[in-house]
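Contents: one structure, followed by commentary.
Values below: all heavy atoms of this structure, side chains included; hydrogens, waters and symmetry mates excluded. A quick note: this is a predicted structure, and the numbers were derived from the prediction, not measured.
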Amino acid sequence: MGEETLSHTLHFAPSSSSPAGTAASSTDTSAAAAATTTASKIPFRPRKIRKLSSSAASAADDAPGKNPTSGNRLAVRVIPRPLSADGEIASALRHLRATDPILARVIDAHDSPTFQCLLTPFHSLARSILYQQLAIKAAASIYARFLALCGGEAGVVPDVVLSLTPHQLRQIGVSERKASYLHDLARKYHGGILSDATIVAMDDKSLFSMLTMVKGIGAWSVHMFMMFCLHRPDVLPVGDLGVRKGVQMLYGLDDVPRPSQMEQLCERWKPYRSVGSWYMWRLVEAKSNPNLASSSVGALNIGSVGVGDAQQQQQQQQQQMIDSFQMLPQSWVKSISPTDGLSWNGMLGSLLDAVQFSMKG
């Protein structure tokens with residue numbers, strides 16, 4: 001374009017050799033040069049404008065809600081309706097029946113679950129710490145003393161827990177390590193890192209990351225908390241032996257699936273894997289009850305009688321299957337606290353029955 005403008009300008013330049021002509025020619029030459037310079041710049045302006053336009057478009061695409069990636073980030077932050085909300089269980093069952101015909105038969109064979117929680121998030125987390133790795137009766141006894149030390153259920157708040165010394169907690173049966181876990185949880189609340197409000201408002205991924213930062217709270221505890229306290233609909237506790245055993249029974253697998261295999265096996269349950277997992281516990285319960293019913297109460301007391309390695313491993317697996325029960329509200333625990341002399345099998349049967357009862361509300 002610059003060459004065309006220069007040629008056009010020179011075509012009309014005077015050809016006279018007089019001084020005036022020379023001056024005019026000089027003037028015209030300068031004008032032509034200026035025109036050339038001006039013309040030579042013209043092609044670059046659209047490019048510059050186009051570049052700015054591209055940047056502006058890029059910036060517009062990066063705005064919230066415009067860029068697909070940004071939109072995905074926003075979508076992850078959307079908190080799903082809890083299972084305790086009206087109609088959510090019905091929606092979950094419709095979805096699971098439609099996507100997994102095999103699971104549909106299990107659903108049809110059992111009552112629908114009911115999710116409810118009577119404790120605050122902080123209280124639930126503190127209680128889960130206290131119950132870790134303890135027999136139900138011992139844990140319930142320590143928890144009752146803990147409530148008394150706090151001044152009742154309403155007193156289980158961060159400031160009160162922080163005020164309890166390790167010595168006070170040891171006196172009620174809380175180990176030094178668990179006391180440090182309780183204090184770490186309370187400090188994170190006191191410092192504003194966590195709060196009941198932020199926990200309820202967090203998406204599942206963020207919540208998992210934040211809660212596993214608390215000492216003594218691992219992946220399994222977070223999964224149980226999300227399911228039974230927050231009623232999140234799409235939690236798959238891949239480390240829970242009961243759920244894994246249920247998946248093995250459901251699909252007729254030769255071996256109990258590894259945690260790494262659970263995501264793929266239960267993919268079709270999304271976005272209601274919590275409900276699918278709940279039915280895995282029920283499936284294991286249904287398969288276990290005939291054996292439990294034939295066992296005599298008092299025949300085996302694990303606390304005083306040694307057992308073989310195979311039997312001990314089976315009992316440990318059975319214990320893990322019902323460990324999720326420990327996350328349930330205290331009002332449900334009181335209904336099944338084992339009495340002195342109750343055998344392992346009898347206690348397990350009572351616990352499984354209590355899980356069934358508690359899930360019905």
Can I get a per-line list of side-chain donor-acceptor pairs under 3.5 Å for residues 250-259, giving both atom names and the distance, sequence neighbours left out?
from, atom 1, to, atom 2, distance (Å)
Y251, OH, D100, OD2, 2.5

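Put simply, OG on S221 and CG on L211 are 10.0 Å apart, with the number rounded to the nearest 0.5 Å. Atoms CZ and CD, on R127 and E153 in that order, are 9.5 Å from each other to the nearest 0.5 Å. Note that the CH2 atom of W278 and the CG atom of L96 stand 12.0 Å from one another [nearest 0.5 Å]. In this structure, L125 CG and L194 CG are separated by 8.0 Å, a value rounded to the nearest 0.5 Å.
Legend: residues meeting side-chain contact (heavy atoms from CB on, under 4.5 Å) with S175, ordered by chain and number and at least two apart, are R177, K178. Scored by the side chain to side chain donor-acceptor pair (under 3.5 Å) test, R145 finds S141 as partners (sequence neighbours excluded). Evaluation of the ring pair (Phe, Tyr, Trp, His ring centres under 6.0 Å) rule for H183 yields no partner, not counting sequence neighbours. Every salt bridge (Lys or Arg N to Asp or Glu O under 4.0 Å) that R232 has, sequence neighbours left out, goes to D204. Residues forming a side-chain contact (heavy atoms from CB on, under 4.5 Å) with A85 (at least two apart in sequence, or on another chain): R81, P82, E88. For E267, the side-chain contact (heavy atoms from CB on, under 4.5 Å) criterion is met by K270, not counting sequence neighbours. Among residues two or more places apart in sequence or in another chain, the side-chain contact (heavy atoms from CB on, under 4.5 Å) test is passed with M213 by K188, M210. By the ring pair (Phe, Tyr, Trp, His ring centres under 6.0 Å) test, F146 is found to be paired with no residue, residues two or more places apart in sequence or in another chain being considered.
Note: the hydrophobic cluster containing L265 also contains V238 (ILVMFWY, side chain heavy atoms under 4.5 Å, direct or indirect links). No single ILVMFWY cluster, assembled from side-chain heavy atoms under 4.5 Å apart, contains both L182 and L162.
Ion pairing between R282 and D111 fails under the 4.0 Å rule for side-chain N and carboxylate O.
Summarising the local packing, CG of D86 is surrounded by 12 or fewer heavy atoms from other residues, nucleotides or ligands at distances under 6.0 Å.
Closest approach of L130 and I142 over heavy atoms only: CD2-CG2, 4.5 Å.
Counting only residues at least two apart or on different chains, the ring-ring contact (aromatic ring centres under 6.0 Å, His included) pairs with a member in residues 186-214 are F122-Y189, F208-H223. For the ring-ring contact (aromatic ring centres under 6.0 Å, His included) condition, the pairs that include at least one residue of residues 90-112, sequence neighbours left out, are H95-Y272.
As a member of the Ile/Leu/Val/Met/Phe/Trp/Tyr network built from side-chain separations under 4.5 Å, V157 groups with V160.
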